[in-house]
Amino acid sequence: MNYDTYIFDLDGTLLDTLQDLAASTNYALRSSEMPERSIEEVRRFVGNGVKKLMERAIPDGLENPKFEETYETFRQHYLIHNLDTTQPYPGIMEMLQELKSRGKNLAVVSNKFYAATQELCQHFFGAYVSVAIGEKETIRKKPAPDTVMEALRQLGATKNNAVYIGDSDVDIQTAMNSGMPCISVLWGFRDKKFLLEHGATTFIASPKELL
């Protein structure tokens, strides 16, 4: 698996963010006197950005008259608490260090809102990842290819000999829409059966397998 450019998803791929996402989700739901969600429910809800997470978590979704208020409560809470329990998965730091030492281009593209993506990547991966792009109103989010193309532009790279690495069906579709191969990780938020059902063809069970 020797590529020049590696573009990574963030949540469920590089970082285990589930506990903090669930905590902020339930804080926002409690604040609006709505029923809380289990960890497994939140696991199923993530992957399409935090607005979609809250749309799935809030009863009646966007139709709920308290949706915007509850969503904003989530955003504010998560910006403060996104480092409470979040950590890189085992082996991630060593893998990134080795890829960087080999002169590879490394980027992160996430559907997480932009400020949180920047903060988390700088905190954990600032020495290795030179480009980190989150959700912005001015650019279509994954599975559209726009954020991947922007990452390549900022890296000064092309999609030739580039690979996308993620843990979800959204990532598989993003890679396809970007004209890049996709490597699906088996330590993230989706299991192998789910990934196979959504078109995954290449898997790794640990970060060192990427080297």
Side-chain angles (χ1 to χ4, degrees), residues 1-17 47 49 82-83 86-136 138-190 192 195 199-211:
M1 295 183 183
N2 186 25
Y3 298 93
D4 295 329
T5 301
Y6 294 74
I7 298 181
F8 295 90
D9 171 53
L10 186 60
D11 295 49
T13 301
L14 296 179
L15 292 179
D16 185 355
T17 56
N82 61 36
L83 288 170
T86 289
Q87 290 291 329
Y89 287 100
I92 289 295
M93 300 305 295
E94 294 83 355
M95 176 266 291
L96 292 176
Q97 183 179 26
E98 178 60 26
L99 289 175
K100 189 70 173 179
S101 73
R102 296 179 186 181
K104 306 301 184 180
N105 299 310
L106 306 180
V108 168
V109 170
S110 175
N111 277 345
K112 184 187 292 293
F113 50 94
Y114 192 84
T117 300
Q118 290 280 306
E119 179 181 351
L120 289 168
C121 285
Q122 181 60 38
H123 179 80
F124 289 110
F125 313 125
Y128 310 120
V129 174
S130 55
V131 173
I133 298 175
E135 182 181 7
K136 299 177 72 174
T138 55
I139 188 169
R140 292 184 301 169
K141 67 180 183 179
K142 301 184 298 185
D146 303 38
T147 48
V148 173
M149 295 300 107
E150 175 61 17
L152 290 172
R153 186 192 69 79
Q154 290 188 29
L155 288 170
T158 71
K159 65 182 181 181
N160 297 327
N161 211 32
V163 65
Y164 186 93
I165 301 100
D167 75 305
S168 74
D169 53 323
V170 174
D171 295 315
I172 296 165
Q173 192 62 49
T174 299
M176 186 180 301
N177 292 341
S178 302
M180 295 166 56
C182 183
I183 297 174
S184 297
V185 307
L186 296 177
W187 57 80
F189 297 160
R190 302 289 186 264
K192 188 173 184 178
L195 294 168
T201 57
T202 305
F203 301 91
I204 54 173
S206 69
K208 66 182 179 182
E209 293 179 39
L210 199 59
L211 300 175

Of all the heavy-atom pairs spanning [X] and [Y], show the shortest one and how long it is.
| X | Y | value |
| --- | --- | --- |
| Met95 | Leu211 | O-CD2, 3.9 Å |
| Val109 | Tyr164 | O-OH, 3.9 Å |
| Asp167 | Asp11 | OD1-O, 3.2 Å |
| Thr13 | Ile92 | O-CD1, 3.6 Å |
| Pro207 | Pro90 | CG-O, 3.4 Å |

Those residues at least two apart in sequence (or on a different chain) that pass salt bridge (charged side-chain N to carboxylate O under 4.0 Å, His left out) with Glu98 are Arg102

Indicate yes or no for a side-chain donor-acceptor contact from Lys142 to the backbone of Val170 under 3.5 Å, with no hydrogens or angles considered. no

Partner residues of [X] under the side chain to side chain contact (heavy atoms under 4.5 Å, CB included) criterion, sequence neighbours left out:
| X | answer |
| --- | --- |
| Ser206 | Lys208, Glu209 |
| Gln173 | Pro143, Met176, Asn177 |
| Thr202 | Met1, Ile183 |
| Lys136 | Tyr114, Thr138, Ile139 |

Taking only residues two or more places apart in sequence, or in another chain, which ones meet [X] in a side-chain hydrogen bond (donor to acceptor under 3.5 Å, both in side chains)?
| X | result |
| --- | --- |
| Ser130 | none |
| Lys104 | Asn2 |
| Ser168 | Asp171 |
| Ser184 | none |

Solution key, residues 145-156 side-chain donor-acceptor pairs under 3.5 Å, sequence neighbours excluded:
residue : atom : partner : partner atom : Å
Asp146  : OD1  : Arg140  : NE           : 3.3
Asp146  : OD1  : Arg140  : NH2          : 2.9
Asp146  : OD2  : Arg140  : NE           : 3.1
Glu150  : OE1  : Arg153  : NE           : 3.0
Glu150  : OE2  : Arg153  : NE           : 3.4
Glu150  : OE2  : Arg153  : NH2          : 2.7
Glu150  : OE2  : Gln154  : NE2          : 2.8

In residues 115-129, what donor-acceptor pairs under 3.5 Å come from side-chain atoms, sequence neighbours left out?
residue : atom : partner : partner atom : Å
Thr117  : OG1  : Lys112  : O            : 3.1
Thr117  : OG1  : Phe113  : O            : 3.2
Gln118  : NE2  : Ala132  : O            : 2.4

